[in-house]
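Contents: one structure, followed by commentary.
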Amino acid sequence: MLRQLLRNHLAPYRRPIAFLVALQLLQTGATLYLPTLNADIIDKGVVVGDTGYVLTYGAVMIAVSVVQVAGNIGAVYYGARTAAALGRDVRAAVFDRVQSFSARELGHFGAPSLITRTTNDVQQVQMLVLMAFTLMVSAPIMCVGGIVLALGQDVPLSAVLVAVVPVLGVSVGLVVARMRPLFRTMQERLDTVNRVLREQITGNRVIRAFVRDAYERERFRGANRELTDVSVSAGRLMALMFPTVMTVINFSSVAVVWFGAHRIDDGGMEIGALTAFLAYLMQIVMAVMMATFMFMMVPRAEVCAERIEEVLRTETSVRPPVAPLPTPAAVRGRLEIRDADFRYPGAEEPVLRGIDLVAGPGETTAVIGSTGSGKSTLLGLVPRLFDVTGGRVLVDGVDVRELDPAVIARTVGLVPQRPYLFSGTVATNLRYGRPDATDDELWQALETAQAADFVRGLEGGLDAPIVQGGTNVSGGQRQRLAIARTLVQRPEIYLFDDSFSALDYRTDARLRAALARDTAGATVVIVAQRVSTIRDADRIVVLDEGRVVGTGRHAELMADNETYREIVLSQLTEAEAA
């Protein structure tokens with residue numbers, strides 16, 4: 001998965017990567033050449049006493065060192081830029097894919113997990129790429145080049161390398177193999193911590209209302225402790241790796257000096273050669289250490305790449321049409337739902353079964369039913385929050401699955417059951433569906449939604465700040481702003497999903513009267529629990545357990561439909577319902 005992710009997203013950066021590799025080769029070559037120069041100066045200059053030779057080759061060493069530093073700076077610069085670009089592209093790809101998800105896919109992953117995958121998981125892959133760009137050329141070349149050049153200094157002494165390199169490789173391999181499952185568990189427990197934290201922040205009022213602070217603290221403490229435990233386990237392995245490598249380095253250095261001293265004493269080796277051999281040994285070991293540091297990051301990056309790829313491979317169940325049909329010549333907003341079914345994957349029973357509904361321009365159609373009867377699901381089929389699993393949803397005679405999503409967005413306006421406001425201002429929220437709306441149009445929508453008075457009372461009016469989720473305004477104010485936002489859009493079909501539940505009866509009545517004027521030529525579909533909200537509708541559709549069990553006006557249904565009558569009499573007296 002990691003290889004596939006990198007192959008897909010690094011393809012546009014072949015040229016900077018090639019330049020990066022060239023700089024790495026230059027820097028590594030200079031690093032490998034320096035010990036040989038140093039040995040020549042010691043053996044041919046210092047020992048012989050040739051000052052000119054020392055100065056000449058000393059100047060060469062300075063030049064080589066400058067090349068090494070310049071190559072290293074350039075490699076790190078281009079590596080950091082390319083890794084940052086990769087992180088940007090992967091985050092954008094994940095965000096774009098999540099934006100295409102329907103409610104079904106969002107529910108499958110969950111918001112906390114998607115946030116973790118977009119931020120922390122991408123960051124882990126980005127860090128690995130940065131390390132790889134810094135080490136992927138220099139480490140193997142330095143290791144192999146160091147071995148070859150060390151052999152060139154003294155072959156018998158190179159027997160130390162035969163023992164050192166395999167020991168390092170086996171040690172690193174054993175530790176890395178044990179780290180991979182720990183990192184997978186770590187990312188999953190990080191998801192859990194994010195989920196618990198998100199729930200506690202979002203549900204703070206409920207927690208305080210039920211005085212469940214201690215319970216929630218303990219729940220977070222448990223999730224936090226589980227993450228800490230697995231992090232400590234992974235940290236122990238990481239801490240074990242460096243002492244192991246350093247132990248091998250120290251023993252090998254002692255062995256080289258010991259046997260090298262005997263070689264010099266026997267006349268088989270010069271002092272400069274021993275110095276160079278020690279330098280190459282350190283380069284070999286440092287290359288192994290750098291590779292070790294990178295390999296420590298590989299298991300976690302692999303797990304993160306799998307989680308990212310899982311999101312990128314998930315196809316939305318609401319797919320845009322390959323060849324969208326053109327917008328109907330005369331957009332009138334006639335809505336038809338024909339024999340519609342909807343079933344969640346794996347569910348034993350469908351949520352909706354055989355739904356038939358017709359709503360025309362200039363009419364108000366109400367949908368009522370008991371909790372869990374499928375009212376909100378029915379409205380969600382129209383703007384394609386999810387698609388029917390059977391039957392059809394038509395707008396002006398065209399199946400919504402064959403329309404361009406932009407056309408549906410212009411034609412259908414939905415006020416959801418739980419209105420959501422974005423961080424910004426009142427104006428930016430109202431213009432969300434129509435950015436070119438004027439201030440006069442915003443105030444007109446606010447007047448209709450019975451929100452103008454409280455917006456005027458805010459400091460800044462239309463420019464008053466709104467925090468994420470609209471938590472700095474009340475529930476009723478949020479509902480009215482959400483209604484005003486849809487009115488600014490001016491669609492042909494208005495869908496109100498229990499959008500008046502937080503309003504008092506007086507505000508509800510005024511708002512419905514104003515809506516009747518502003519939406520006189522549009523198709524209006526209202527889902528409501530409050531009978532007073534829908535009793536004057538042109539058509540009332542009664543749902544029960546996902547089926548339509550009655551259609552008609554209020555008086556007709558009171559006389560003929562037992563389900564509707566029970567709902568009405570649970571809220572009103574017989575005299576009030578008449």
Side-chain angles (χ1 to χ4, degrees), residues 1-28 70-101 105 109 111-142 172 176 179-180 182-188 190-191 194 231 234 238 287 289-316:
M1 290 299 176
L2 179 61
R3 188 178 302 171
Q4 181 179 348
L5 182 70
L6 297 181
R7 186 187 303 119
N8 291 342
H9 292 279
L10 285 178
Y13 304 103
R14 289 192 180 95
R15 292 183 65 182
I17 291 174
F19 190 55
L20 168 69
V21 170
L23 289 171
Q24 288 273 23
L25 288 171
L26 183 66
Q27 180 257 337
T28 306
N72 193 32
I73 292 173
V76 171
Y77 173 78
Y78 280 98
R81 285 193 56 140
T82 307
L86 170 75
R88 176 199 63 201
D89 294 348
V90 175
R91 279 192 299 271
V94 173
F95 180 80
D96 289 345
R97 179 60 58 138
V98 171
Q99 286 295 98
S100 72
F101 284 170
E105 289 78 43
F109 286 104
S113 180
L114 288 172
I115 292 171
T116 304
R117 293 172 198 237
T118 310
T119 53
N120 185 270
D121 287 8
V122 173
Q123 186 179 21
Q124 295 301 325
V125 174
Q126 180 179 328
M127 288 300 298
L128 175 69
V129 170
L130 177 59
M131 293 301 300
F133 283 158
T134 308
L135 306 173
M136 67 180 178
V137 176
S138 61
I141 293 179
M142 192 175 293
V172 171
V176 169
M179 289 172 71
R180 194 173 190 279
L182 288 176
F183 282 133
R184 177 181 295 280
T185 306
M186 186 186 299
Q187 293 305 115
E188 292 171 354
L190 185 60
D191 279 351
N194 284 342
S231 299
M238 294 172 68
M289 285 187 66
M290 289 188 297
T292 298
F293 187 70
M294 190 178 73
F295 284 138
M296 285 167 52
M297 302 178 68
V298 168
R300 188 171 187 180
E302 283 183 336
V303 171
C304 293
E306 287 178 9
R307 288 157 52 86
I308 293 168
E309 277 292 318
E310 184 183 4
V311 175
L312 296 178
R313 289 198 317 269
T314 301
E315 294 291 338
T316 177

Within the 4.5 Å heavy-atom criterion, are Ile308 and His9 side-chain neighbours or not? no
Main-chain N/O of Ser100 paired with Thr316 side-chain donor or acceptor, under 3.5 Å: yes
Less than 4.5 Å apart, any side-chain heavy atom of Leu20 and any of Tyr13? no
Nearest 0.5 angstrom please: Thr116 OG1 to Phe109 CZ, how far? 13.0 Å
For residues Glu309 and Leu312, determine if any side-chain heavy atom of one lies less than 4.5 Å from a side-chain heavy atom of the other. yes
For the pair Asn120 and Leu190, evaluate side-chain contact (heavy atoms from CB on, under 4.5 Å) and give the outcome as yes or no after the intermediate values. CA-CA 9 Å; Asn120 185 270; Leu190 185 60; 3.5 Å; yes
Between Ala301 and Leu128 the two heavy atoms that sit nearest each other are CB-CD2, 3.4 Å
Only pairs at least two apart or in different chains count here, so list each salt bridge (charged side-chain N to carboxylate O under 4.0 Å, His left out) that has a residue in residues 112-122. Arg117-Glu310, Asp121-Arg307
Compare all side-chain heavy atoms of Leu10 with those of Thr82 and state whether any distance is below 4.5 angstrom. yes
In this structure, are over 12 heavy atoms from other groups packed under 6.0 Å from Arg91 atom CZ? yes
Sort and list the pairs that fulfil side chain to side chain donor-acceptor pair (under 3.5 Å) and have at least one residue in residues 122-132, not counting sequence neighbours. none
Which atom names give the shortest non-hydrogen contact between Thr314 and Phe101, and what distance separates them? O-CE2, 3.5 Å
Of all the heavy-atom pairs spanning Met186 and Ser231, show the shortest one and how long it is. CE-CA, 3.7 Å
From Thr28 atom OG1 to Ile141 atom CD1, the distance as rounded to the nearest 0.5 Å: 5.5 Å
